[in-house]
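Following: one structure in structure tokens, then a few remarks.
All values below were derived from every heavy atom in this structure, side-chain atoms included, with hydrogens, water molecules and symmetry-related copies excluded. The sequence lines fix the lettering, A, B, ..., with proteins before strands; numbering per chain opens at 1.
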2 protein chains.
Amino acid sequence: MPTASNSGARAARTQQHAARTEAARERLKAWIAERGLKQTRQRDLIVDSFFSASGHLSIDELLARVSLRDRNIGAATVYRTMKILTESGLASARHFDDGQTRYEAALDRDHHDHLICTKCQTIIEFENERIEELQDEVALEHGFTVTRHKLELYGLCGKCRAKSDR
Amino acid sequence: MPTASNSGARAARTQQHAARTEAARERLKAWIAERGLKQTRQRDLIVDSFFSASGHLSIDELLARVSLRDRNIGAATVYRTMKILTESGLASARHFDDGQTRYEAALDRDHHDHLICTKCQTIIEFENERIEELQDEVALEHGFTVTRHKLELYGLCGKCRAKSDR
DNA sequence: GACGCAATTGAGAACGATTCTCAACGAGCA
DNA sequence: TGCTCGTTGAGAATCGTTCTCAATTGCGTC
Ligand SMILES: [Zn+2]
Ligand SMILES: [Zn+2]
Ligand SMILES: [Zn+2]
Ligand SMILES: [Zn+2]
């Protein structure tokens, strides 16, 4: 039974990713056409690899996935494609404290912030409406108009703390 | 009268910086001695330049100040010295979204977060106890133990918004 | 004050992430 | 099918930062 429900969950996730990839490709196609750009085999492959993965991918990680399908795709193309995805609003770039830019799917996604385990690199997403409100209040008190913000909590996740407590 | 009060305020600030610089030098001396390191003319000059300035300095900005007093001090030495100040807890490194590390004095300073104007680069500091509490709550809900966090609000300050509204 | 040695320094090389350059290639359109 | 440009891959270039190394200099010891 656990096996069945696990594979069921996995199948659902896969299907969800497939739908998401599909939608992303549609939107990108339109965005690209609007500006007289071109759809290429490389871009399709990169976009596919990106949306069929989950989480917060670095260029290296994405390139690794892409290379499995076509080892001739260069890093520059991956950088260029992610820039396009970011500009079109389909992905968003995040700069955590590990030195490299990470990208996450932004398609129909709400705003959220992150909890990051400094030991195992697990990233957990959260939304807290009250914090968002307080941020606006703080900004207002200082005469600021906030256009974006970054809230990252770094620490140890439950598993890693358990290990280090031992 | 405004001139007098301005110069008075300036004098008070200068004096405050002088006291701060003094205290920092004391502490650094002890910290350095404890580990068998050495006090050098270059370090003294850099530490002096750093603490007598205010705000969030980049290495470039600090090096510029340092160079006014001794044009032979190399960038590597500034990097090395700021690393020591950071490790000793006298300064803290911040990574805003402009690509370079910025340092601020951390001597007897409470935790605070930042509001950053993306137009004129003004940085305003704030503390909000309620936000800090909510962060801990969020972390707890996810089984995390937070060791540090980053909260940065990017937007336009009052002045810059007024200009762009025109 | 001189001595010895480890710590420090400055200059430039090396680094890692990212962007740029450029010649070859290939989408999209007539 | 042929043209025109946008795109590609590889390597050079860039930028902030760290490393390397030979020369220098604190600083405890005599
Ligand atoms: Zn963890
Ligand atoms: Zn996320
Ligand atoms: Zn401003
Ligand atoms: Zn600050």
Side-chain angles (χ1 to χ4, degrees), chain A residues 25 28-50 56-64 66-88 91-103 121, chain B residues 25 28-50 56-64 66-88 91-103 121:
Chain A
R25 254 218 265 209
L28 185 61
K29 185 174 180 176
W31 193 87
I32 271 182
E34 275 171 28
R35 315 153 213 241
L37 304 183
K38 290 169 183 170
Q39 192 165 27
T40 67
R41 185 178 48 79
Q42 290 90 330
R43 279 181 187 165
D44 285 346
L45 207 163
I46 294 167
V47 170
D48 237 63
S49 302
F50 175 67
H56 304 75
L57 292 177
S58 67
I59 292 289
D60 275 355
E61 290 163 356
L62 180 53
L63 179 56
V66 165
S67 296
L68 293 178
R69 298 216 251 160
D70 181 341
R71 62 183 63 264
N72 294 315
I73 292 184
T77 301
V78 178
Y79 276 103
R80 289 187 282 235
T81 302
M82 291 318 293
K83 174 173 274 184
I84 288 179
L85 282 185
T86 302
E87 284 166 3
S88 65
S92 57
R94 298 280 187 175
H95 300 93
F96 300 132
D97 280 0
D98 69 344
Q100 48 194 324
T101 304
R102 289 179 175 277
Y103 297 87
Q121 321 308 323
Chain B
R25 255 219 266 208
L28 184 62
K29 186 174 180 174
W31 193 88
I32 270 182
E34 275 171 29
R35 323 166 196 238
L37 304 184
K38 290 167 183 172
Q39 193 164 29
T40 67
R41 185 178 48 78
Q42 290 90 332
R43 278 180 190 167
D44 285 346
L45 206 163
I46 293 166
V47 170
D48 238 63
S49 302
F50 176 66
H56 303 76
L57 292 178
S58 67
I59 292 290
D60 275 355
E61 290 163 356
L62 180 53
L63 179 57
V66 165
S67 296
L68 293 177
R69 297 215 251 159
D70 181 342
R71 63 182 64 264
N72 294 316
I73 292 185
T77 301
V78 178
Y79 275 103
R80 289 187 282 235
T81 303
M82 291 317 293
K83 175 174 274 185
I84 288 179
L85 282 185
T86 302
E87 283 166 3
S88 65
S92 57
R94 299 282 187 173
H95 302 273
F96 300 132
D97 279 359
D98 68 345
Q100 49 194 324
T101 303
R102 290 179 174 277
Y103 296 87
Q121 320 308 323

For the pair made of [atom1] in [X] and [atom2] in [N], what is the distance, rounded to whole Å?
X        : N       : atom1 : atom2 : value
Ile46(B) : dG10(C) : CD1   : C1'   : 11 Å
Trp31(B) : dA7(C)  : CH2   : P     : 13 Å
Leu57(B) : dT17(D) : CG    : P     : 13 Å
Arg43(A) : dG6(D)  : CZ    : P     : 11 Å
Gln42(A) : dA27(C) : CD    : C1'   : 11 Å
Asp98(B) : dA17(C) : CG    : C1'   : 16 Å
Met82(A) : dT8(D)  : CE    : P     : 14 Å
Ile84(B) : dA7(C)  : CD1   : P     : 12 Å

field: Phosphate OP1/OP2 of dA17(C) contacted by Thr101(A) side-chain N/O (<4.0 Å)
entry: no

- prompt: If you take all heavy atoms of Arg102(B) and Glu61(B), which pair is closest and at what distance?
  reply: NH1-OE1, 3.1 Å

Minimum heavy-atom distance Phe50(B)-Tyr103(B), with the two atoms named: CE1-O, 3.6 Å

As a test of reading the structure: which of [options] is closest to the side chain of [X], going by heavy atoms?
X         : options                  : value
Ala76(A)  : dA6(C), dG28(C), dG11(D) : dG11(D)
Gln100(B) : dG6(D), dT17(D), dA17(C) : dT17(D)
Leu37(B)  : dT9(C), dA7(C), dG10(C)  : dA7(C)
Thr77(A)  : dG6(D), dT17(D), dG9(D)  : dG9(D)

- prompt: Heavy-atom count around Arg71(A) CZ within 6.0 Å, excluding the residue itself: above 12?
  reply: no

message: Using a heavy-atom cut-off of 4.0 Å across all strands, would you classify Arg41(A) as base, sugar-phosphate, or nothing?
response: nothing

query: Checking all strands, does Asn72(A) fall into the base, sugar-phosphate, or nothing category for heavy-atom contacts under 4.0 angstrom?
result: sugar-phosphate

query: Does Tyr79(B) or Ile32(B) map to a spot on DNA chain D nearer the 5' end, using the closest nucleotide for each?
result: Tyr79(B)

- request: For Arg80(B) and for His95(B), find the nucleotide of DNA chain D with the closest heavy atom, then tell me which residue's nucleotide is more 5'.
  value: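 Result: His95(B).
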
message: Nearest 0.5 angstrom please: Arg25(B) CZ to Asp48(B) CG, how far?
response: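 It comes to 4.5 Å.
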
message: Measuring only between side-chain heavy atoms, which start at C-beta, is Arg41(A) closer than 4.5 Å to Asp70(A)?
response: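 In contact.
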
